[in-house]
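Below: the structure, in structure tokens.
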Amino acid sequence: MQTFQVGVLGATGAVGQKFVRLLEDHPWFKISVLGASERSAGKKYEEAAHWIEPTEMPADTAKMEVAECEPEAFSGVDFVFSGLDSSVAEGIEKSFAEAGIPVISNAKNYRMHDQVPLLVPEVNPDHADLITKQTFTDDGSGWIVTNPNCVSVPLSMSLKPLHDAFEIDEVIVTSMQSTSGAGYPGVPSLDIVANVVPYIGGEEPKVQTESTKVLGSLWDDTIAFNDFTIQATAVRVPTIEGHLLSVSVQLKNAPSSIDEAKQAYTDWDNPIASLDLPSSPENPIKLYEKNRHPQPRLHADREGGMQTAVGRLREGTVMDLGYVTMAHNTIRGAAGGAILNGELLAAKGLIH
Ligand code: NAP
């Protein structure tokens, strides 16, 4: 694989820093431009970013000057990853796509756009081809790809084997979301220390729609959403990384036993395994058998934070099945997921 020069938009934020760390030794992608707001532009990255990663800031990156998020400053890159705040992502990402610079984004703004893939490589790799239908540029050189929000990633991944085997009808999910999901400085300490906040603004509508697009079908120039319904409750809990979801599922063709449901997970084949993508985990969807698993503290970092853990799979009393699932929200649910999207697009020859 050739080496691609990449830019990071929103490089100083919580997700942006995760991009910087995960790309430090990436075999295909090399950071050549970092962008943030005018508050940070012109400063060295080490001065502009309040570094919250548990490893040292990469030495080369620390000395790079932060640019404003304008396409002219990124002219040498092959594409950009975006960790921009959603209040500014819409206009900035569009300006990059229109300038012929592809955008692989974490922000919510384009997730529901008819021609923008909402990509989880292990679930809907075929949706990547939709970028050829986008019209940001006449020659197709500029496009946008998004990943789902940090709850919809483990939700769609954990539903996929069940959907393939039994077809999903209805889903009820309660997401117990870690503090890092709110960025930095995030939730005030007096709200979250030894407490649970039963509301996260704007979160539930995203959780209720995104998985139906991820598990939808590619139709010529758009995605037909799947017709199952999701009811979501999103709460903030005092963990740091790893969103834990309690899920109940009604199926169209219920399994005859809980073993048959477990088999749906153990029999599931990862459709991108043969591509050997650098960030692809060996077990993207892993079923844990112990009742106390998975837990954010024990399992969020498994397989480099790229695994979706499933546990407590059991027969339901109101709906067919119940289970819990968890994924690292700023890696699998954000920067790591976006990097895997970039790897899939590169492996498919869609990045030039
Ligand atoms: P954050 O820590 O608040 O970082 C926001 C970034 O956007 C910073 O780099 C900031 O630069 C930049 N920015 C703000 N205003 C700007 C402007 N006018 N022009 C250019 N850049 C500007 O937020 P985050 O938690 O990293 O989240 C980033 C995005 O990822 C959001 O859209 C979020 O919804 C999404 N996301 C987050 C998670 C998660 O778990 N945290 C998961 C999935 C998706 P300055 O430092 O210069 O202000």
Side-chain angles (χ1 to χ4, degrees), residues 111-112 114 117-130 146-149 151-175 204-234 243-273 283-289 294 307-327 332-333 337:
R111 288 180 188 152
M112 291 299 136
D114 283 347
L118 186 54
L119 204 56
V120 180
E122 295 91 339
V123 178
N124 60 356
D126 56 317
H127 292 199
D129 298 328
L130 202 52
T146 56
N147 46 266
N149 92 322
V151 173
S152 300
V153 171
L155 184 61
S156 58
M157 290 179 73
S158 61
L159 288 175
K160 173 68 175 163
L162 296 179
H163 187 63
D164 287 351
F166 314 115
E167 229 183 309
I168 309 288
D169 190 11
E170 293 173 324
V171 177
I172 296 179
V173 55
T174 301
S175 52
E204 289 161 7
K206 290 186 273 183
V207 178
Q208 286 170 172
T209 47
E210 290 182 9
S211 295
T212 63
K213 181 171 181 181
V214 175
L215 286 158
S217 315
L218 181 61
W219 277 92
D220 189 26
D221 64 352
T222 193
I223 302 293
F225 286 34
N226 211 301
D227 63 2
F228 62 83
T229 49
I230 302 174
Q231 179 181 313
T233 305
H243 292 348
L244 183 78
L245 286 53
S246 167
V247 186
S248 300
V249 192
Q250 187 70 18
L251 301 158
K252 290 189 179 162
N253 311 298
S256 53
S257 68
I258 197 66
D259 284 341
E260 201 185 334
K262 288 180 180 176
Q263 206 173 346
Y265 283 103
T266 49
D267 285 357
W268 176 80
D269 277 327
N270 177 6
I272 58 162
N283 297 293
I285 307 169
K286 182 168 165 69
L287 182 65
Y288 287 83
E289 293 282 356
Q307 184 182 86
T308 285
V310 178
R312 302 225 43 232
L313 184 62
R314 61 204 187 279
E315 275 177 35
T317 47
V318 176
M319 296 171 80
D320 290 321
L321 294 174
Y323 67 89
V324 298
T325 184
M326 195 211 48
R332 181 77 237 202

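Start at 1 with the first residue, then count along the sequence. Given the structure is predicted, the values throughout are model-derived calculations rather than measurements.
E210 places a side-chain heavy atom less than 4.5 Å from the side chain of M112. In this structure, the side chains of V318 and S248 stay at 4.5 Å or more apart for every pair of heavy atoms. Side-chain contact between N226 and I168: absent, with no pair of heavy atoms (C-beta onward) separated by less than 4.5 Å. Residues V214 and S152 form no side-chain contact, since every pair of their non-hydrogen atoms from C-beta on lies 4.5 Å or further apart. With a 4.5 Å cut-off on side-chain heavy atoms, V207 and T233 do not count as touching.
With P148 as the fixed residue, the side chain to side chain contact (heavy atoms under 4.5 Å, CB included) test singles out one of L118, T209, L155: L118. Of the residues listed (V310, V249, T325), the one engaging L159 in a side chain to side chain contact (heavy atoms under 4.5 Å, CB included) is V249, and it is the only one.
Contacts of T308 classified as side-chain hydrogen bond (donor to acceptor under 3.5 Å, both in side chains), with partners at least two apart in sequence or in another chain: none. For D267, the side chain to side chain contact (heavy atoms under 4.5 Å, CB included) criterion is met by Q263, not counting sequence neighbours. Partners of D126 by salt bridge (charged side-chain N to carboxylate O under 4.0 Å, His left out), not counting sequence neighbours: none found. With sequence neighbours left out, D164 forms a salt bridge (charged side-chain N to carboxylate O under 4.0 Å, His left out) with K160. Every residue meeting the salt bridge (charged side-chain N to carboxylate O under 4.0 Å, His left out) condition with E122, not counting sequence neighbours, appears here in chain and number order: R332. Applying the salt bridge (charged side-chain N to carboxylate O under 4.0 Å, His left out) test to K286 and every residue at least two apart in sequence or in another chain returns nothing. By the side chain to side chain contact (heavy atoms under 4.5 Å, CB included) test, S257 is found to be paired with D259, E260, residues two or more places apart in sequence or in another chain being considered. The ring-ring contact (aromatic ring centres under 6.0 Å, His included) search around Y323 returns none, not counting sequence neighbours. The side chain to side chain contact (heavy atoms under 4.5 Å, CB included) check on P271 picks up P125, W268, with sequence neighbours excluded. Every residue two or more places apart in sequence or in another chain that forms a side chain to side chain contact (heavy atoms under 4.5 Å, CB included) with D169 is listed here: Q250, K252. For N124, the side-chain hydrogen bond (donor to acceptor under 3.5 Å, both in side chains) partners are H127, not counting sequence neighbours.
Distance alone, capped at 3.5 Å, is enough to place a donor-acceptor pair between the D320 side chain and the L251 backbone. Counting only distance, with no hydrogens or angles, the side chain of Q208 and the backbone of A232 share a donor-acceptor pair below 3.5 Å. No side-chain donor-acceptor contact under 3.5 Å links Y265 to the backbone of Y288.
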* Asked: Do I258 and L321 pass the side chain to side chain contact (heavy atoms under 4.5 Å, CB included) test, and can you show the C-alpha distance, the side-chain angles, and the key distance before you say yes or no?
  -> CA-CA 8 Å; I258 197 66; L321 294 174; 3.7 Å; yes
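Taking every heavy atom of both residues into account, F166 and A264 meet most closely at CE1-CB, 3.8 Å. Taking every heavy atom of both residues into account, P284 and M157 meet most closely at O-CE, 3.6 Å. I172 and M319 make their closest contact through CD1-SD, 3.7 Å (heavy atoms, listed as atom of the first residue, atom of the second, distance). The two residues L119 and A128 come nearest to each other via the heavy atoms CD1-N, 3.8 Å. Nearest heavy atoms, R111 versus N147: NE-O, 2.9 Å. Of all non-hydrogen atoms in L215 and S156, the two that sit nearest each other are CD1-O, 4.2 Å.
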Throw together a table of side-chain donor-acceptor distances under 3.5 angstrom for residues 217-225, partners on residues two or more places apart or in other chains.
unit_1, atom_1, unit_2, atom_2, d
T222, OG1, D114, O, 3.0

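To the nearest 0.5 Å, atoms CD (Q307) and CG (N283) are separated by 6.0 Å.
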